[in-house]
Amino acid sequence: MTENTLPHVELFVRSMLPDGANERQEAVLDRLERLDREDEIADYNVVVWGKQIAPESAAARTAEGKYILNRVAEFKQWALSNNVSLESFYQTADVESEVTDDAYTAMILPVMGLAEYREAELSHVAPCTEGDVVHTIMDRLDAIEDGRESDISRDGADVSIV
């Protein structure tokens, strides 16, 4: 691949990991480091996010909160344009505050998410589902290593997004 077509990758990781997720995150981070070292990707960065974000909360109004919500909105638009679903990975839940009796809706963030950009345009989000097929982060890293661009269809048919 030529330098100007190498993807930039953003990896989103949850800060408080459920059992078993730490090893998966380490494997993905090791793989990204190797792909960067071997010039298979232009570069990568890691964004740490929490388990959930409430779009109407004070946290959502911070620079970090806005960044996460903007990225997720971009992911949803990409999913819609590419006839894939992120629904299994970006769910919403009604949460009752432990401090007050108020309830709010929060977006549950996945343990890991990968966004691939080519020439500053979002070209792939993982994980995602296309019909019954789940496209994992490792599947996408395999494809990058093999020099393949996203093989997600671009027909824009009806799709369920978050």
Mind checking the CG-CZ spacing from Leu29 to Arg24? Nearest 0.5 Å is all I need. 12.5 Å
Nearest 0.5 Å, what's the CD-NE2 distance between Glu119 and His8? 14.0 Å
Verdict with reasoning, Phe75 to Phe12, per ring-ring contact (aromatic ring centres under 6.0 Å, His included): CA-CA 12 Å; Phe75 300 166; Phe12 295 83; 5.6 Å; yes
Side-chain donor/acceptor of Arg118 to backbone N/O of Ser123, under 3.5 Å: no
Can you name the side chain to side chain donor-acceptor pair (under 3.5 Å) partners of Glu64, sequence neighbours left out? none
Please report the shortest heavy-atom distance between Pro55 and Ala106, naming the atom on each side. CD-CA, 4.5 Å
For the pair Glu10 and Arg71, find out whether any cationic side-chain nitrogen is under 4.0 Å from an anionic carboxylate oxygen. yes
Donor-acceptor pair, side chain of Trp49 and main chain of Met112, under 3.5 angstrom: no
Take atom CD of Glu56 as the centre, draw a 6.0 Å sphere, and report whether it contains more than 12 heavy atoms from other residues, nucleotides or ligands. no
Would you say the side chain of Gln25 lies within less than 4.5 Å of the side chain of Val111, judging by non-hydrogen atoms? yes
Flag the pair Arg31 and Glu33 as a salt bridge only when some basic side-chain nitrogen lies within less than 4.0 angstrom of an acidic carboxylate oxygen. no
Got a second to check how far Leu114's CG is from Met138's CE, nearest 0.5 Å? 10.5 Å
Within the side chain of Ser15, is there an N or O that forms a donor-acceptor pair under 3.5 Å with the backbone of Val48? no
If we only count heavy atoms from C-beta on, is the Val125 to Arg140 side-chain gap below 4.5 Å? no
Treat each ILVMFWY residue as a node, draw an edge where side-chain heavy atoms are under 4.5 Å apart, and state whether Ile53 and Val72 are in one component. yes
Are the side chains of Ile152 and Trp78 in touch, meaning some heavy atoms are under 4.5 Å apart? yes
Can you find a pair of side-chain heavy atoms, one from Val28 and one from Leu11, that are under 4.5 Å apart? yes
Please tell me if the side chains of Leu35 and Glu145 come closer than 4.5 Å, counting only heavy atoms from C-beta onward. yes
To the nearest 0.5 Å, how far apart are CG in Leu32 and CD in Glu40? 12.0 Å
Are the side chain of Asp139 and the backbone N or O of Thr136 linked by a donor-acceptor pair below 3.5 Å? yes
In this structure, CZ of Arg14 is separated from CD of Gln52 (nearest 0.5 Å) by 9.0 Å
Should Val84 and Leu122 be counted in the same cluster of Ile, Leu, Val, Met, Phe, Trp and Tyr side chains packed under 4.5 Å apart? yes
CD of Glu87 to NZ of Lys76: how many Å apart, nearest 0.5 Å? 10.5 Å
Would you mind listing the cluster partners of Val95? Hydrophobic ones only (ILVMFWY), side-chain contacts under 4.5 Å, chaining allowed. Tyr104
Starting from Tyr117, can I reach Ile68 by hopping between I/L/V/M/F/W/Y residues whose side chains sit under 4.5 Å apart? yes
Mind listing the closest non-hydrogen atom pair of Gly113 and Pro127 along with its distance? CA-CD, 4.3 Å
When hydrophobic residues are tied together by side-chain contacts of less than 4.5 Å, even through go-betweens, does Ile144 share a cluster with Val46? yes
Worked check of side-chain contact (heavy atoms from CB on, under 4.5 Å) between Ile41 and Leu6: CA-CA 5 Å; Ile41 58 176; Leu6 292 176; 5.6 Å; no
Count I, L, V, M, F, W, Y as connected when their side-chain heavy atoms are under 4.5 Å apart, and connections chain through other members. Are Leu69 and Leu86 then in the same cluster? yes
